[in-house]
Number of protein chains: 4
Amino acid sequence: MPVKKVDKRDIIKASLKVFRQKGYHSTTMSDIAAACGLLKGSIYHHFEGKEDLMLQTIDFLHAYYSREVFSIAYDESLTGLEKLDRLAAISEDIFMKEKGGCLMANIGLETANDYPRFRVRIKAYFEEWIQSLEHIFGQAYEAEKAREIAEFSVAEIEGAVMLMQVYHDKRYLERAHRHIKNQFMAALAGPEMPATGKVNGAKTQIKRSIAENKEI
Amino acid sequence: MPVKKVDKRDIIKASLKVFRQKGYHSTTMSDIAAACGLLKGSIYHHFEGKEDLMLQTIDFLHAYYSREVFSIAYDESLTGLEKLDRLAAISEDIFMKEKGGCLMANIGLETANDYPRFRVRIKAYFEEWIQSLEHIFGQAYEAEKAREIAEFSVAEIEGAVMLMQVYHDKRYLERAHRHIKNQFMAALAGPEMPATGKVNGAKTQIKRSIAENKEI
Amino acid sequence: MPVKKVDKRDIIKASLKVFRQKGYHSTTMSDIAAACGLLKGSIYHHFEGKEDLMLQTIDFLHAYYSREVFSIAYDESLTGLEKLDRLAAISEDIFMKEKGGCLMANIGLETANDYPRFRVRIKAYFEEWIQSLEHIFGQAYEAEKAREIAEFSVAEIEGAVMLMQVYHDKRYLERAHRHIKNQFMAALAGPEMPATGKVNGAKTQIKRSIAENKEI
Amino acid sequence: MPVKKVDKRDIIKASLKVFRQKGYHSTTMSDIAAACGLLKGSIYHHFEGKEDLMLQTIDFLHAYYSREVFSIAYDESLTGLEKLDRLAAISEDIFMKEKGGCLMANIGLETANDYPRFRVRIKAYFEEWIQSLEHIFGQAYEAEKAREIAEFSVAEIEGAVMLMQVYHDKRYLERAHRHIKNQFMAALAGPEMPATGKVNGAKTQIKRSIAENKEI
DNA sequence: GATGAATGAGACTTCATTCAT
DNA sequence: GATGAATGAAGTCTCATTCAT
């Protein structure tokens with residue numbers, strides 16, 4: 001007789017959905033309770049309060065991304081383009097499948113000035129994202145440039161997610177991903193890159209990517 | 001003895017600041033009243049309620065941008081690069097001088113799912129922004145491409161403003177502007193990427209633009 | 001050029017309508033102001049406040065009834081039945097033409113416990129109404145009985161007006177009037193009445209009434 | 001240790017008193033909360049809002065009358081006069097023991113124009129009251145007449161309750177009841193009634209009533 | 001006399017949180 | 001662990017009243 005038990009994870013998962021859609025201030029403890037089949041008061045057995053719940057939700061989401069998404073950037077069995085493709089595919093899956101876009105950006109903007117504890121954690125998430133892209137772009141750019149392009153990319157993706165929300169048009173995100181990939185491919189192929197082994201490796205790799213990757 | 005009267009404009013200006021910093025749900029009518037030296041109840045002489053105030057604040061800001069910012073894109077006494085420079089300078093002035101970044105993005109994300117009336121107006125604002133950039137980019141790209149680059153640019157700027165908030169680091173916006181300008185310069189410098197100094201090519205292009213641009 | 005001036009009377013007449021329809025607590029000074037083309041603040045040039053306005057409205061209405069309605073009961077050029085008919089006609093005109101029924105009953109019930117100054121005045125109105133009917137019924141009943149029947153009649157009419165409101169059916173009032181008249185006619189014709197000149201006069205009179213009154 | 005819990009019924013009973021005395025608009029949620037030992041906000045655990053509370057209070061009162069009062073009219077172990085007597089006794093008990101008279105009439109008049117949902121329910125209450133009297137009067141009158149007399153009676157009682165409030169004199173209600181009873185007795189005994197079995201039965205019954213009923 | 005901005009008290013309602021069961 | 005009644009602070013909004021113009 002499998003008794004349905006609601007545990008912290010379940011509550012956090014429900015919070016994730018609700019917070020992403022309604023933001024921090026507008027979601028009530030009742031909303032979250034309803035989303036996981038509990039009553040308002042019961043949540044306090046698992047979390048100290050709303051702020052604690054938000055914090056743990058951010059941490060949960062960050063951990064999920066570290067494990068399932070950002071790690072892709074360090075999977076050296078993949079080419080750089082393959083990495084970008086996989087990241088794009090996952091991002092589109094996450095940001096487009098459920099309403100609300102990106103929890104981190106939503107909560108980050110909504111609470112940036114009043115909840116430093118949220119901000120610090122959200123910053124850590126973006127930092128890890130940027131670093132993972134930086135690692136990929138390091139293949140085609142020198143270190144400082146790679147960092148910058150990684151930042152531009154995250155910015156462009158998040159901006160696209162925002163436009164997606166405002167326009168109710170999912171194509172913004174796809175196009176942003178394509179744009180980023182094209183930039184990367186151009187850099188990989190670019191003659192202006194110093195002739196190092198790295199570049200050569202990159203060039204080789206890109207050909208492999210093109211050959212392997214039907215989607216390109 | 002001229003008695004200081006608080007009129008709608010004053011309230012809207014105060015709202016602008018407060019809404020930008022705290023978002024929609026977190027700012028109270030008392031916050032706004034305090035910000036313009038009134039009592040809570042007095043705001044209702046000028047606005048039907050909080051939602052109406054937000055709406056009119058959005059409209060006010062949009063009108064301001066149309067008049068003071070987006071119009072620059074259509075000032076044909078300027079070259080494309082000059083336009084971008086001015087737009088960047090103003091944007092940085094606005095987004096960085098006061099806390100809170102971009103009201104439109106903040107409110108857009110926070111209320112996208114629950115306040116369609118906000119969303120529609122915010123979308124109109126972004127649409128006008130994108131079109132103004134599209135007009136500039138039309139000089140270096142064919143129509144469809146110009147639209148896309150304009151969208152990428154707005155996304156990148158808004159993403160940068162978001163990172164700015166989360167990182168408490170103002171350089172993100174400047175770099176985004178630089179990135180956009182560089183892309184534009186590269187595009188101006190011709191379809192075939194010159195293997196030589198990109199910058200030189202761009203400089204040439206600029207001169208050409210200035211010379212030619214009386215009628216662009 | 002006749003300049004439209006709003007004076008106390010105009011405000012009171014507007015109040016009458018609004019108070020009758022919405023009751024005391026639910027009508028706002030703005031409602032009344034709007035009903036007479038003024039702004040809220042302007043009413044305070046004519047009345048000390050809402051309570052004062054209600055008081056003067058009650059007095060105005062009482063005075064109107066004394067002059068135009070209750071006086072009929074003492075017009076000895078009319079028979080008793082004619083008096084009743086005229087009273088009924090006027091009542092129906094007043095209570096049915098405009099929404100809201102009877103201001104005195106509405107306000108009386110709504111404020112009976114909290115506004116003794118209203119209650120006293122409203123009581124005076126009902127007292128005068130009862131006395132006027134008592135005067136008519138004195139023709140057919142001895143003094144004490146006449147008073148009682150007058151009270152019953154006022155109660156029945158007011159109860160009918162209440163049912164009229166609740167049922168949205170105007171016939172209640174007409175039927176109440178008919179019922180009262182029939183009782184009176186029965187009393188006039190009744191064999192149990194002591195054979196006094198008064199009664200004989202009444203009997204004579206009722207025949208005249210019947211002859212004259214097509215509606216009976 | 002049974003902790004005293006306040007449940008919906010308790011709140012409704014408190015509401016009943018407060019609404020009857022102060023009317024709908026003038027009673028605040030705090031008034032009601034205070035009347036049942038809660039804080040204002042706590043009421044919202046049991047009711048959606050003030051309107052819902054009023055609605056349920058009306059329904060509660062109607063149900064009470066159906067069960068305890070109007071049912072008397074259909075208790076055929078009683079004579080018609082006995083029924084009237086009991087109804088009168090209960091009415092006087094209810095309307096005179098507590099301040100405020102008749103909730104249904106008070107709220108009905110105060111909100112007739114603005115709260116159709118109240119009106120509909122209050123109308124249902126009066127309809128049931130009228131029908132119960134119609135049932136009694138059916139003994140002495142033909143159907144249509146019985147209905148009319150029932151309406152007159154309800155009107156007269158409610159009008160008397162109103163006068164009771166305005167005059168602060170409880171005798172109005174007693175006299176109204178006596179008047180209604182007298183009319184009924186007269187009808188039962190009346191020679192003008194067509195000589196049917198029904199009437200004979202009624203006549204028989206009235207004698208029994210008089211014999212049995214010590215209070216008359 | 002009229003205006004309309006401003007006041008400030010108070011209304012209804014929401015909600016994070018607590019706690020006895 | 002879960003419940004749901006209760007709390008109390010705070011939020012949006014209303015409105016009678018005042019007053020400078």
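Order of the sequence lines fixes the chain letters, A, B, ..., with proteins taken first and strands second; residue numbering starts at 1 for each chain. Everything quoted here is computed from the prediction, not taken from an experiment.
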>> If you assign each of D:G41 and A:E48 to its closest nucleotide in DNA chain E, which residue comes earlier from the 5' end?
In response: D:G41
>> If you compare every side-chain N and O of C:H25 against the phosphate oxygens of F:dC15 (OP1, OP2), does one of them come in below 4.0 Å?
In response: no
>> Both conditions, 6.0 Å and 45 degrees, for the charged tip of D:K13 above the ring of D:F60: are they met here?
In response: no
> Base, sugar-phosphate alone, or nothing: which one does B:T28 contact when heavy atoms must sit under 4.0 Å apart?
Replying inline: sugar-phosphate
>> Using the side-chain heavy atoms of D:M29, tell me which of these nucleotides is nearest: F:dT7, E:dT13, F:dA16.
In response: E:dT13
> Taking a pair as Watson-Crick or G-U wobble with both distances under 3.5 Å, which nucleotide is matched to E:dA20?
Replying inline: F:dT3
>> Under 4.0 Å, heavy atoms only, any strand: does C:S26 hit a base, just the sugar-phosphate, or nothing?
In response: nothing
> When you measure from the side chain of C:R121 to the backbone N and O of C:I58, does any donor-acceptor pair fall under 3.5 Å?
Replying inline: no
> To the nearest Å, how far apart are D:F47 CZ and F:dG4 P?
Replying inline: 17 Å
> How is A:G49 classified with respect to the nucleic acid when contacts are heavy atoms under 4.0 Å: base, sugar-phosphate, or nothing?
Replying inline: sugar-phosphate
>> Quick check for you: among F:dT7, E:dA16, F:dG1, whose closest atom lies nearest to any side-chain atom of D:L39?
In response: F:dT7
> Checking B:K50 against B:Y44: charged group under 6.0 Å from the ring centre and within 45 degrees of the axis?
Replying inline: no
> Choosing from E:dT13, E:dA5, F:dT17, which nucleotide comes nearest the side chain of D:Y44?
Replying inline: E:dT13
>> Testing C:I32, C:T27, C:T28 one by one against C:S30 for a side-chain contact (heavy atoms from CB on, under 4.5 Å), which residue passes?
In response: C:T28
>> Tell me the interatomic distance from B:D31, atom CG, to F:dC13, atom P, rounded to whole angstroms.
In response: 14 Å
> D:D52 has an atom CG; how far is it from atom C1' of E:dT13, in whole Å?
Replying inline: 13 Å
> In the structure shown, which nucleotide is the Watson-Crick or G-U wobble counterpart of E:dA11, with both distances under 3.5 Å?
Replying inline: F:dT12
>> Need to verify one output field. Residue with the more 5' nearest nucleotide on DNA chain F, B:T27 or D:I11?
In response: D:I11
> Rounded to the nearest Å, what distance is computed from the NZ atom of residue B:K50 to the P atom of nucleotide E:dT13?
Replying inline: 18 Å
> Between F:dT17, F:dA6, E:dT13, which one does the side chain of D:K40 approach most closely?
Replying inline: E:dT13
>> So, does D:H45 get its side chain near the phosphate of E:dT14, meaning an N or O under 4.0 Å from OP1 or OP2?
In response: no
> B:L38 has a side chain; which of E:dA2, F:dT12, E:dA6 sits nearest to it?
Replying inline: E:dA6
>> Quick one: does any side-chain atom of A:D10 pair with a main-chain N or O of A:C36 as donor and acceptor, under 3.5 Å?
In response: no
> Rounding to a whole Å, what distance do you find between C:L53:CG and F:dA16:P?
Replying inline: 11 Å
> Between F:dG1 and A:S42, is there an OP1 or OP2 to side-chain N/O distance shorter than 4.0 Å?
Replying inline: no
> B:I43 CD1 to E:dG8 P: how many Å, rounded?
Replying inline: 15 Å
> Between F:dG11 atom P and B:E51 atom CD, what is the distance in whole Å?
Replying inline: 19 Å
> Looking just at side-chain N and O atoms, do D:D52 and D:Q56 make a donor-acceptor pair shorter than 3.5 Å?
Replying inline: yes
> How close or far is atom C1' of E:dC15 from atom NZ of A:K22, stated in whole angstroms?
Replying inline: 12 Å
